[in-house]
S.K.: 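My structure is below; once you've seen it, I'll send some questions.
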Amino acid sequence: MTSEPQKNQRPERYNAREAEARWQRVWDERGIFATANSDPRPKYYVLEMFPYPSGRIHMGHVRNYTMGDVVARYKRAMGHAVLHPMGWDAFGMPAENAAMAQKVHPKTWTYENIAAMKKQLQSMGLSLDWAREVATCDPAYYKHQQKMFLDFLAAGLVKREYRKVNWDPVDQTVLANEQVIDGRGWRSGALVEQRDLYQWVFKISDYAEELLEALDTLDRWPDKVRLMQKNWIGRSEGLLIRFALDTATTPNGESELEIFTTRPDTLFGAKFMAVSPDHPLAAAAAKENPELAAFIEQCHHMGTSQAAIDTADKMGFDTGIRALHPFDASWTLPVYVANFILMDYGTGAIFGCPAHDQRDLDFVNKYGLGNTPVVCPEGQDPASFVITAEAYEGDGRMINSRFLDGMTTAEAKEEVARRLENTFSVSGDTDSIRHHEAAGVAGPRRATAPADHPSRLASLAPQDDGSRNVPGGGSRPIAQRQVNYRLRDWGISRQRYWGCPIPIIHCEKCGTVPVPASELPVTLPDDVSFDKPGNPLDRHPTWKHIRCPACGGEARRETDTMDTFVDSSWYFIRFTDPWNEKAPTTPHVANAWMPVDQYIGGIEHAILHLLYSRFFTRAMKKTGHVDLDEPFAGLFTQGMVVHETYRTKSGEWVMPAEVTITSEGDKRTAALTATGEDVEIGPIEKMSKSKRNTVDPDDIMDSYGADVARWFMLSDSPPDRDVIWSEEGVQGASRFVQRLWRLIGEIADVDAPAARPSNFSEQALAVRKAAHRALAHVSEDIAKLRFNRCVAHIYECANALSDAIGAAESKPSPDFAWALREAGDILVRLFHPMMPHLAEECWAVLGHDSLVSTESWPEVEESLLVESTITLPVQINGKKRADVTVAREAGKAEIEAAVLALDTVQRALDGKSPKKVIVVPQRIVNVVA
RNA sequence: GCGGACGUGGCGGAACGGUAGACGCAACGGACUUAAAAUCCGUUGGGCGUAAGCCCGUGAGGGUUCGAGUCCCUCCGUCCGCACCA
C-alpha cells in the first residue's frame with residue numbers, strides 16, 4: 001500500500017524532540033489549558049500532590065504527573081471544565097541546609113529550583129493551568145495562612161502548650177517524629193533529646209471522632225489508607241476511674257489518681273497501679289525521694305528507638321503511695337512509677353491486672369507481686385486455670401471477682417461501669433494533682449473534664465456536671481465512660497527560618513497577642529545569616545523587637561515558624577482562586593470547585609498530609625473560608641519507580657547511565673561504559689541517591705521524548721504498584737511510538753470517501769469492531785485509573801489495524817478505507833491523553849485542522865460491540881473440550897441441543913445421557929457426564 | 001506483638017466464580033540487508049506423542065461448587081503500616 005508516491009512529505013521517523021517543543025508552544029499560545037472560574041460545564045478537579053522544589057524532578061514526579069494528566073485530558077475530552085493546577089511546596093529545611101552548605105540564600109535557592117523544575121515539567125507536555133501557580137513561600141500565599149491561623153485561634157482551634165518535643169542538640173531545632181531515625185537526628189546524626197518547649201498546637205484532636213467517622217464516606221479512597229488513618233486516630237472505649245489515694249501516703253495529700261482502662265472487668269485482678277515517669281504525682285513524690293528522682297531521670301535517658309523499646313525491661317519504682325480499690329476500701333494497691341507508661345496516652349496512669357495483660361504480667365513477675373486470674377476462657381476449668389508466663393487477654397467467664405463471677409467479659413465491663421458511675425466520692429478535690437496544669441506549665445494531657453478535651457476524652461455518659469460543679473468538692477461519680485484517642489494534637493512550631501512566620505507577639509504585660517490582621521503578612525527578613533546552627537530569626541538583631549499592639553510596650557515577635565505541613569494543608573483550596581488578594585478563598589468559588597475529584601500522590605502521605613488536610617478543611621469551614629468537610633473525594637496512591645542497582649567490585653554504587661548492559665541468551669552482564677570494568681547487577685530497589693540507581697528525566701526526554709517516558713510509565717505495572725524502570729522497556733515504548741507514527745501515516749495515505757458508506761464488508765467491519773472495542777475498554781479503564789490495561793488495549797487496537805492493512809488489497813475498497821480512517825481517528829484520540837504530542841502530530845497527518853487536545857472523546861457505536869453469533873467454550877466435567885458457535889440470542893435449550901450434538905461430547909458421553917448440563921448463556925457450557 | 005496487602009511463564013503483568021497466561025519485555029527461528037540497525041513473519045508454561053490429541057500446571061495442603069487464580073479454613077513466604085496505646 002505504500003507503493004504509490006507519498007501523498008505528503010512525512011519524515012519516516014517521528015522526531016519527538018522537534019514535535020514536542022512545537023506542540024507545547026501551540027498549546028501555550030492558544031491557552032487551551034487555562035480554566036475560567038466562570039466555566040459553565042460540569043467541573044472536574046484533578047490534582048497531583050505538589051512537589052517540593054528540590055532542584056530537579058525525578059521519575060516519581062514523572063509517573064505521578066503523567067497519571068494526573070491522563071485523567072485531566074480525558075475528563076476535558078468528556079466535556080468537563082477541568083481544574084488541573086500546579087504549585088510548589090516551597091518552605092522547608094533543605095533550603096536552609098543549602099544555605100548553610102553553599103552560602104546561598106534560601107529564597108534564591110528555592111526560586112532557582114522552581115524555575116528549573118517548572119521548565120522540566122513544561123517539557124512533559126502536562127495540561128496544567130499555570131496561571132494558578134502558587135508557591136507557599138510567597139508572602140502572597142502565606143499571608144492568608146497567617147490570617148487563618150488567627151481565625152483558628154479566635155475560634156478556639158489553636159492553643160499554646162508546653163510539651164515534649166524531639167530536640168536535635170546539634171541543629172538546635174525541634175524535629176518531627178519522622179525526622180528521628182533510631183533515636184538520632186536524620187541530618188546531624190546527634191542523639192535526639194526529649195525537651196519541654198512551648199508549642200503552638202492545632203487542636204486536631206477536637207475532630208478525632210469526626211475524622212474517624214467520615215472515613216466511611218470516603219468510598220473512593222484506598223481501603224489501606226482509610227485503615228491507616230483509622231489506626232492512627234486509634235479510638236478506644238473504656239472507663240475513666242478515679243482511684244482514691246491513701247492521703248497519709250501521698251506527698252502533698254493528693255487524694256485521687258485518675259486512670260483510663262478498656263478492661264474494667266478485670267478490676268478484681270488488680271495487683272498494682274503505675275504512673276508515667278512524667279506524671280505530676282511522680283514528680284511530686286520525687287521531690288521528697290532522691291532515689292525516685294534518680295529512677296525518673298534514668299527513664300528519661302532511655303532510648304526512644306525501636307531497639308531500645310524492644311529490649312527495655314519493664315522497670316518500676318514503688319513510690320510508697322497506696323491506692324484504694326474502688327470496690328473495697330480496705331484493699332490497697334501499691335503505686336509505682338513505671339517506665340512503660342506513656343504520659344501521652346490516656347491519663348498517664350494505669351491499674352495493672354497481670355493475669356490478663358502481658359505487660360503487667362512481665363512487671364509483676366519481676367517485682368514479685370503475683371497475679372489472680374479473673375477471666376476464665378470458655379471450656380477451661382476455673383479450678384485449674386493458672387497464669388504463669390503468658391497472660392490471657394481474651395474474653396471468657398468472670399472468676400475470683402465477687403459479684404461479677406459468672407458473667408461474660410462484656411457483661412462484667414457493663415456491670416463495673418454501671419456501678420462505679422453510680423458510686424460517688426466524697427472528696428472530689430483533685431487540685432493537688434491538677435496544680436501543675438493550673439500553673440500553665442506541663443499541662444499533662446489528662447482526662448479530666450470533657451470541656452477541656454471535648455473529643456479526645458469525650459464522655460459517653462450523659463454529662464453530670466451538677467455533681468462536678470458542687471463548690472467545695474461535693475460528691476461525684478468515681479468513674480465515667482470515656483472514649484480515648486491515640487491521635488495527638490498537632491504541634492506546628494518549628495525553630496526554623498524558612499517557614500511561615502507565626503503571627504503572634506509576646507508581651508510581658510499582655511501575654512501572647514495576635515498580630516492585627518491589618519498588619520499581615522508578617523514577612524521573613526531577608527538579611528539573615530546561617531553561619532551558626534539554630535534559628536536565624538531568633539538571633540536577628542532587629543526583626544523580633546516590636547511594640548505590643550495592645551499596650552504599646554516593648555514586645556517580641558514569635559520567632560518560631562509553622563510546620564510546612566500547614567502550607568500543604570490548604571493549597572488545593574487556594575488553587576480555586578489564587579488571585580484573591582483579600583482573603584484565603586473566595587468561598588463561592590472554592591465551594592464550586594471543591595472537593596478535589598481525583599487526588600493522586602504517594603502512599604507516604606497516607607497519614608500526615610491527608611489527615612492534616614482533612615482537619616484543616618474542617619477548620620476552614622468553621623472559620624467561614626469554605627463550606628466543605630472532606631477535601632478529597634477520590635484518592636489514588638501510586639507506586640514507586642524502582643530500578644536495578646549496579647555496584648563495582650570495590651563496592652561503589654554506579655548510576656544506570658554509566659553502565660552498558662549486554663545480554664547473551666538469558667544472561668545479562670553489565671560493565672562501566674567508560675572503562676569496561678565489570679559491574680555487578682544488584683537487586684531492584686526504589687530509585688535513591690544513595691544507591692545511585694536514578695535515571696534523570698531530562699536524559700530520557702532528550703533521547704526519547706516526553707511521550708515515550710509517559711507511555712512507559714503507564715505500561716506494564718498497575719499504577720498502584722511499583723514500576724521497574726528499564727532501558728528495554730523504554731526502548732519498547734519508543735518502538736511503539738514509531739510504529740504508531742507509521743501506522744497513522746499508512747491510514748492517512750488511504751483514499752477514503754468523505755461520506756459514510758451504507759454497507760461494510762466483513763473486513764471493514766472487523767476494523768471498526770477493533771477500534772470501537774478498544775474505545776469502550778480504554779474509556780472504562782481510564783475512568784478507573786487502570787492505565788496499564790489502557791495501554792494493552794491500545795496495543796491490541798494498533799495490532800488489529802496493522803494486520804488489517806497488511807491483509808488488505810493494494811487498492812482498498814471505499815468502505816474499508818472509510819473504516820480505516822474512522823479507526824485511525826479513534827485510535828489517535830484514544831492515546832492522546834497518554835502521548836499528547838504524538839497524538840497532535842498524527843491528528844494533523846490525518847488531515848484535521850483542530851487540536852486533538854481540544855477534541856471531544858469519541859463515541860462508541862454500541863452495535864459494533866455485540867456479535868450476532870457467539871462462540872462458547874464447552875466443558876466436560878469442568879474441563880474445556882470443545883467450542884460451540886450459536887446465535888447470540890440462543891436460549892438454553894437451543895445451546896444444549898447444539899452442544900450435545902458435538903462429536904467430542906458424544907464421544908465423552910459414550911451413549912449415556914449426561915447427568916447434568918449447565919448452560920450459562922453468552923458465557924460457557926458445562927456437561928457433567 | 002497487632003493490623004493489612006500480596007504470592008500466576010524467563011520477567012512486568014491479564015483474567016464479572018466460567019476457555020489461565022491478554023498486552024508488553026526478553027529469548028529463539030526466519031525474511032530483508034554486503035553488514036548492522038530498523039522493520040516484517042513465526043515460535044515461546046511443563047510433560048508425553050509422528051500426529052490427532054492427552055496429562056500436569058496460578059506458594060503448600062484441605063474444603064465449598066457442575067466449575068476455583070478468584071470464595072472458605074490451615075500453613076509457608078514476601079512486602080507495608082503501627083507498636084510498651086492501658
Side-chain angles (χ1 to χ4, degrees), chain A residues 12-13 222-232 234-236 238-239 259-264 266 274 276 306 308-310 312-314 338-342 344-353 357-360 362-363 393 484-487 603-604 606-607 663-668 684 711-712 715-718 720-724 726-733 735-736 738-739 742 777 786 788-799 802 806 871-883 904 914-920 922-929:
Chain A
E12 251 178 67
R13 284 184 68 79
D223 289 343
K224 180 170 53 166
V225 174
R226 291 195 287 178
L227 187 69
M228 281 165 73
Q229 293 214 351
K230 184 180 169 211
N231 292 338
W232 187 264
R235 181 186 202 272
S236 57
L239 203 58
I259 62 99
F260 174 77
T261 180
T262 56
R263 292 299 300 273
T266 63
S276 162
Q306 198 49 58
I309 289 169
D310 286 347
D313 262 346
K314 303 281 173 282
N339 65 341
F340 61 93
I341 310 299
L342 307 174
D344 278 335
Y345 189 76
T347 65
I350 61 155
F351 82 83
C353 176
D357 183 294
Q358 191 59 47
R359 239 178 3 189
D360 296 347
D362 293 346
F363 188 77
E393 300 188 348
N484 205 2
Y485 299 94
R486 190 185 157 278
L487 179 66
I603 186 72
E604 67 272 19
I607 295 172
S663 47
E664 293 172 20
D666 277 337
K667 198 168 179 275
R668 299 169 70 246
I684 295 167
W711 183 253
F712 178 57
S715 311
D716 294 352
S717 290
D720 54 345
R721 284 199 224 166
D722 292 350
V723 63
I724 302 170
S726 70
E727 187 62 23
E728 293 88 345
V730 183
Q731 282 171 3
R735 274 199 300 275
F736 187 57
Q738 297 300 338
R739 226 185 104 200
R742 289 192 303 271
H777 281 128
R786 296 190 294 211
N788 56 322
R789 303 212 309 188
C790 294
V791 165
H793 286 123
I794 288 168
Y795 267 110
E796 275 179 341
C797 181
N799 290 348
S802 297
T871 300
L872 298 176
V874 174
Q875 294 184 334
I876 294 168
N877 295 330
K879 291 188 177 178
K880 197 218 159 189
R881 283 291 182 268
D883 291 301
T904 327
K915 289 203 185 95
K916 199 170 179 184
V917 179
I918 292 112
V919 179
V920 186
Q922 295 174 44
R923 278 258 148 237
I924 202 164
V925 181
N926 191 10
V927 179
V928 185

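In this text the structure is predicted, and so the values were computed from the model without any measurement. Residue numbers start from 1 in every chain, and the chains themselves are labelled A, B, ... in the order their sequence lines are given, proteins ahead of strands.
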S.K.: Return the value, rounded to whole Å, for the distance between atom CD1 of A/I341 and atom P of B/C85.
M.R.: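 In whole Å, B/C85 P lies 9 Å from A/I341 CD1.
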S.K.: When you measure from the side-chain N and O atoms of A/R881 to the phosphate of B/C55, is any distance below 4.0 Å, counting only OP1 and OP2?
M.R.: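 Yes, because at least one side-chain N or O of A/R881 sits under 4.0 Å from OP1 or OP2 of B/C55.
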S.K.: So does A/R721 get a side-chain nitrogen or oxygen closer than 4.0 Å to the phosphate oxygens (OP1/OP2) of B/G13?
M.R.: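 Answer yes for this pair, as a side-chain N or O of A/R721 is under 4.0 Å from OP1 or OP2.
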S.K.: Determine which nucleotide pairs with B/G81, using a 3.5 Å limit on both distances of a Watson-Crick or G-U wobble pair.
M.R.: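 WC or wobble partner is B/C2.
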S.K.: Is the phosphate of B/A83, meaning OP1 or OP2, less than 4.0 Å from a side-chain N or O of A/N231?
M.R.: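 No.
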S.K.: Can A/R359 and A/D362 be counted as an ion pair, charged N to O under 4.0 angstrom?
M.R.: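 Not counted as a salt bridge, because no side-chain N and carboxylate O are separated by less than 4.0 Å.
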S.K.: Rounded to whole Å, please give me the gap between CD in A/Q358 and C1' in B/C85.
M.R.: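 Taking atom C1' of B/C85 as the reference, CD of A/Q358 is at 16 Å.
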S.K.: Looking at A/R486, does any N or O in its side chain come under 4.0 Å of the phosphate oxygens OP1/OP2 on B/G3?
M.R.: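 False: A/R486 side-chain N/O out of range (4.0 Å or more) of B/G3 OP1/OP2.
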S.K.: Of the candidate nucleotides B/G18, B/A86, B/G12, which contains the atom at the shortest distance from the side chain of A/D716?
M.R.: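 It is B/G12.
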S.K.: Nearest to the side chain of A/I350 - B/C84, B/A86, B/G4?
M.R.: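 So the side chain of A/I350 is nearest to B/A86.
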S.K.: Please report the closest heavy-atom contact between A/R13 and A/Q738, naming both atoms and the distance.
M.R.: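 Heavy-atom minimum between the residues: CA-OE1, 3.5 Å.
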S.K.: State which of B/A14, B/G18, B/C84 makes the closest approach to the side chain of A/Q875.
M.R.: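 Of the options given, the side chain of A/Q875 lies nearest B/G18.
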S.K.: OP1 or OP2 of B/C85 versus the side-chain N and O atoms of A/R359: is any pair under 4.0 Å?
M.R.: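 Yes.
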S.K.: Any strand counts, and the cut-off is 3.5 Å on both contacts for Watson-Crick or G-U wobble. Which nucleotide pairs with B/C54?
M.R.: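 Per the H-bond distance test, B/G47.
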S.K.: From NE2 of A/H777 over to P of B/A22, roughly how many Å is that when rounded to an integer?
M.R.: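 In whole Å, B/A22 P lies 15 Å from A/H777 NE2.
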S.K.: Could you tell me how far apart A/I876 (CD1) and B/C55 (P) are, to the nearest whole angstrom?
M.R.: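 It is 11 Å, rounded to the nearest whole Å.
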S.K.: Side-chain contact test, heavy atoms from C-beta onward, threshold under 4.5 Å: evaluate it for A/R226 versus A/Q229 and give yes or no.
M.R.: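 They are not in contact (no side-chain heavy atoms under 4.5 Å apart), so the answer is no.
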S.K.: Of the listed nucleotides (B/C25, B/A86, B/U19), which one gets closest to any side-chain atom of A/T261?
M.R.: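 In terms of side-chain proximity for A/T261, the closest of B/C25, B/A86, B/U19 is B/A86.
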S.K.: Watson-Crick or G-U wobble partner for B/U19, using a 3.5 Å limit on both distances?
M.R.: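 Pairing partner, where one exists within any strand: none, as none qualifies.
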S.K.: Are OP1 or OP2 of B/A86 and a side-chain N or O of A/Y345 less than 4.0 angstrom apart?
M.R.: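 So the side chain of A/Y345 is within the cut-off, an N or O lying under 4.0 Å from OP1 or OP2 of B/A86.
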S.K.: From the list B/G24, B/C66, B/G12, which nucleotide is the closest neighbour of the side chain of A/Y795?
M.R.: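 Ranking B/G24, B/C66, B/G12 by closest atom to the A/Y795 side chain puts B/G24 first.
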S.K.: Applying side-chain contact (heavy atoms from CB on, under 4.5 Å) between A/L872 and each of A/V925, A/D883, A/V919, report the one that passes.
M.R.: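 The single option meeting the side-chain contact (heavy atoms from CB on, under 4.5 Å) with A/L872 is A/V925.
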S.K.: Would you indicate whether the side-chain heavy atoms of A/F260 and A/S236 approach each other to under 4.5 Å?
M.R.: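 Counting from C-beta outward, A/S236 and A/F260 do come under 4.5 Å.
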S.K.: When rounded to the nearest Å, what value does the distance between C1' atoms of B/G12 and B/G63 take?
M.R.: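 Each nucleotide's C1' atom is 33 Å from the other's.
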S.K.: Write down the distance between NZ (A/K230) and P (B/C82), rounded to a whole number of angstrom.
M.R.: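 Atom-to-atom, A/K230 to B/C82, this comes out as 17 Å.
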S.K.: Give none if B/G24 has no partner; otherwise give the nucleotide forming a Watson-Crick or G-U wobble pair with it, both distances under 3.5 Å.
M.R.: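 B/G24 is paired, partner B/C11.
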S.K.: So which nucleotide from B/A22, B/G24, B/G3 ends up closest to the side chain of A/L227?
M.R.: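 Selected nucleotide (nearest to the side chain): B/G3.
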S.K.: In whole angstrom, give me the gap between the C1' atoms of B/C71 and B/C16.
M.R.: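 To the nearest whole Å, 14 Å.
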S.K.: Please pick, from B/C66, B/C82, B/A86, the nucleotide with the shortest atom-to-atom distance to any side-chain atom of A/W232.
M.R.: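 For A/W232, the side-chain atoms sit closest to B/C82.
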S.K.: Does B/C40 have a Watson-Crick or wobble mate here (both distances under 3.5 Å), and if so which one?
M.R.: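 Its partner is B/G30.
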S.K.: Indicate the atoms forming the closest heavy-atom contact of A/Y795 with A/G732, along with that distance.
M.R.: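 That would be OH-O, 4.1 Å.
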S.K.: Would you say a side-chain N or O of A/K224 is under 4.0 Å from OP1 or OP2 of B/C82?
M.R.: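 For B/C82, OP1/OP2 do not have a side-chain N/O of A/K224 under 4.0 Å.
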S.K.: Quick check for you: among B/U19, B/G81, B/A38, whose closest atom lies nearest to any side-chain atom of A/M228?
M.R.: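 For A/M228, the side-chain atoms sit closest to B/G81.
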S.K.: Is there a side-chain polar atom (N or O) of A/R735 under 4.0 Å from OP1 or OP2 of B/C25?
M.R.: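 For B/C25, OP1 or OP2 has a side-chain N or O of A/R735 closer than 4.0 Å.
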S.K.: Give a yes/no on whether any side-chain N or O of A/N788 is located under 4.0 angstrom from OP1 or OP2 of B/A14.
M.R.: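 True: A/N788 side-chain N/O within range (under 4.0 Å) of B/A14 OP1/OP2.
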S.K.: Anti or syn, where syn is a glycosidic angle within 90° of 0; which label fits B/G67?
M.R.: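 Nucleotide B/G67 adopts anti.
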S.K.: To check you understand the geometry: which heavy-atom pair defines the closest contact between A/V927 and A/P914, and what is its length?
M.R.: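 In terms of heavy atoms, the two residues are closest at CG1-CB, 3.8 Å.
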S.K.: Under 3.5 Å, is there an N or O donor on one side and an acceptor on the other linking the side chain of A/K915 and the base of B/C66?
M.R.: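 Flag unset: no donor-acceptor pair detected.
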S.K.: With a 4.0 Å cutoff (strictly under), does any side-chain N or O of A/K916 reach OP1 or OP2 of B/C66?
M.R.: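 For B/C66, OP1 or OP2 has a side-chain N or O of A/K916 closer than 4.0 Å.
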